[in-house]
Amino acid sequence: MTEKILSNKQNGMLVLILTTLLYLAAIAGCIFGGVMIGDGYGPALLIISIVWLCIGWFPYCGLRVLKPQEALVLTLFGRYVGSLKGEGFYFVNPFCTSVNPAANTRLNQSGDVDRTEKKPQSFSMAFNMNLGNAESTGGKKISLKIMTLNNNRQKINDCLGNPVEIGIAVMWRVTDTAKAVFNVDNYKEYLSLQCDSAVRNIVRIYPYDVAPNVDTTGDGIADEGSLRGSSEIVAERIKNEIQQKVEEAGLEVIEARITYLAYAPEIAAVMLQRQQASAIVDARKMIVDGAVGMVEMALDRLNQNAVVELDEERKAAMVSNLLVVLCGNRDAQPVVNSGSLY
């Protein structure tokens, strides 16, 4: 399906003025025809005026008003005739109907919220929305603005089999109105389903945290990719995956971002203990490395300055005491030796 832009239809104001003038002329014709009913032209003028009053409203049905970043897909007896894009006051064939199968679809996204409370409309608002349009094209318009789809959180197993919950936000817009309307049944639902599928396909490639012997790029070499540490790369791959799927629907995916990422509740506590244990081990390793360096430095300084000469047994006792003091969880309680060293 190829999109056709109807760019030569912005003459709605002219048609509105002419139709209104003809209507006023028909009213005047009825008056003068009734007054001159006995003359030769009076009955003919009256009949023509009455006929126009009955059918003269029909051109109003072809008037369309579009605001910026709006489009309207038109069909004539089931055949696609073109799309109106951009702001303006248009006049089209009154028999044309507007098509938007996703008009009543409500998703968790900006600009598409189901408002249950309807406020009463003024006459001018009703005139602008229903101006010559029997089916109210206000709900059939397609927004060309950038929309944000907040997809629901999904529970997915990562490459290690750990269940994680992830949510994404996708910025998208309609670029081809004909493809969006005719190539898929409902382009909003189609986009949402493709987002779910793309997230599932990409997340199962990555571990939540960096894991050994895991290849996330597909080159056969283990790397350090992870959902938590490579969120930008993961989001870019999700965006590309969605774009490939929605290309035929006339949609453009501008950006995809991860909005929520966490372990599933059933394993969150265990994984938290695992992270805490890993942090404790790393901290202990650093403390031991530092304590050994401080003991070596103390022994070297004692030997260099000849402060005291210690045999191997006393050195071992000193090293043991220093390591206990430096590596202990609590402050050491000093013991003063008032007697001889030996």
Side-chain angles (χ1 to χ4, degrees), residues 153-168 199 202-238 257-342:
R153 298 177 185 175
Q154 297 186 69
K155 184 184 293 185
I156 307 171
N157 291 338
D158 64 0
C159 68
L160 300 179
N162 299 321
V164 298
E165 290 185 347
I166 185 170
I168 63 169
V199 170
I202 298 301
V203 169
R204 65 181 179 83
I205 301 175
Y206 288 84
Y208 184 87
D209 276 318
V210 177
N213 302 323
V214 175
D215 175 25
T216 62
T217 58
D219 56 0
I221 302 175
D223 51 66
E224 296 184 353
S226 65
L227 295 175
R228 194 163 63 98
S230 308
S231 58
E232 294 290 336
I233 299 175
V234 175
E236 185 66 22
R237 294 186 67 174
I238 292 175
R257 291 290 179 185
I258 297 176
T259 57
Y260 181 84
L261 179 63
Y263 280 113
E266 55 267 24
I267 67 166
V270 177
M271 289 302 176
L272 179 59
Q273 292 178 358
R274 179 182 177 183
Q275 293 176 358
Q276 291 174 346
S278 177
I280 292 174
V281 170
D282 292 339
R284 287 296 181 184
K285 182 179 179 181
M286 184 179 298
I287 291 173
V288 171
D289 290 341
V292 171
M294 294 175 66
V295 170
E296 291 177 352
M297 181 185 65
L299 293 175
D300 292 340
R301 293 290 297 275
L302 290 175
N303 291 333
Q304 289 176 4
N305 298 334
V307 176
V308 64
E309 293 183 2
L310 299 175
D311 56 13
E312 295 301 325
E313 183 180 355
R314 297 300 179 182
K315 285 183 181 180
M318 179 179 178
V319 170
S320 176
N321 293 334
L322 286 176
L323 289 178
V324 169
V325 172
L326 295 175
C327 299
N329 288 330
R330 299 180 180 178
D331 295 337
Q333 298 295 328
V335 177
V336 179
N337 186 7
S338 59
S340 172
L341 182 61
Y342 295 99

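By convention here, the first residue in the shown sequence is residue 1.
One finds the CD1 atom of Ile166 at 4.0 Å from the CD1 atom of Ile258 (value rounded to the nearest 0.5 Å). Interatomic distance, Ile238 CD1 to Glu236 CD, rounded to the nearest 0.5 Å: 10.5 Å.
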Show every donor-acceptor pair shorter than 3.5 Å between a side-chain atom in residues 225-233 and any protein atom, with sequence neighbours excluded, or say none if there are none.
residue, atom, partner, partner atom, Å
Ser226, OG, Gly229, N, 3.0
Arg228, NE, Asp209, OD1, 2.5
Arg228, NH2, Asp209, OD1, 2.7
Ser230, OG, Ser226, N, 3.4
Glu232, OE1, Arg257, NH1, 2.5
Glu232, OE2, Arg257, NH1, 2.9

Audit row: Asp223, Asp215, side chain to side chain contact (heavy atoms under 4.5 Å, CB included) steps and yes/no: CA-CA 6 Å; Asp223 51 66; Asp215 175 25; 3.5 Å; yes

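Pro207 and Cys159 get closest at one heavy-atom pair: N-SG, 3.3 Å. Here the closest non-hydrogen pair linking Arg237 and Ile205 is NH2-CD1, 3.7 Å.
Counting heavy atoms from C-beta outward, Tyr208 and Leu261 have side chains that approach closer than 4.5 Å.
Here the side chain of Thr216 pairs no donor or acceptor atom with the backbone of Tyr206 at under 3.5 angstrom.
Under the side chain to side chain donor-acceptor pair (under 3.5 Å) criterion, Gln154 pairs with Asp196, Arg200, sequence neighbours left out.
For the salt bridge (charged side-chain N to carboxylate O under 4.0 Å, His left out) condition, the pairs that include at least one residue of residues 154-166, sequence neighbours left out, are Lys155-Glu266.
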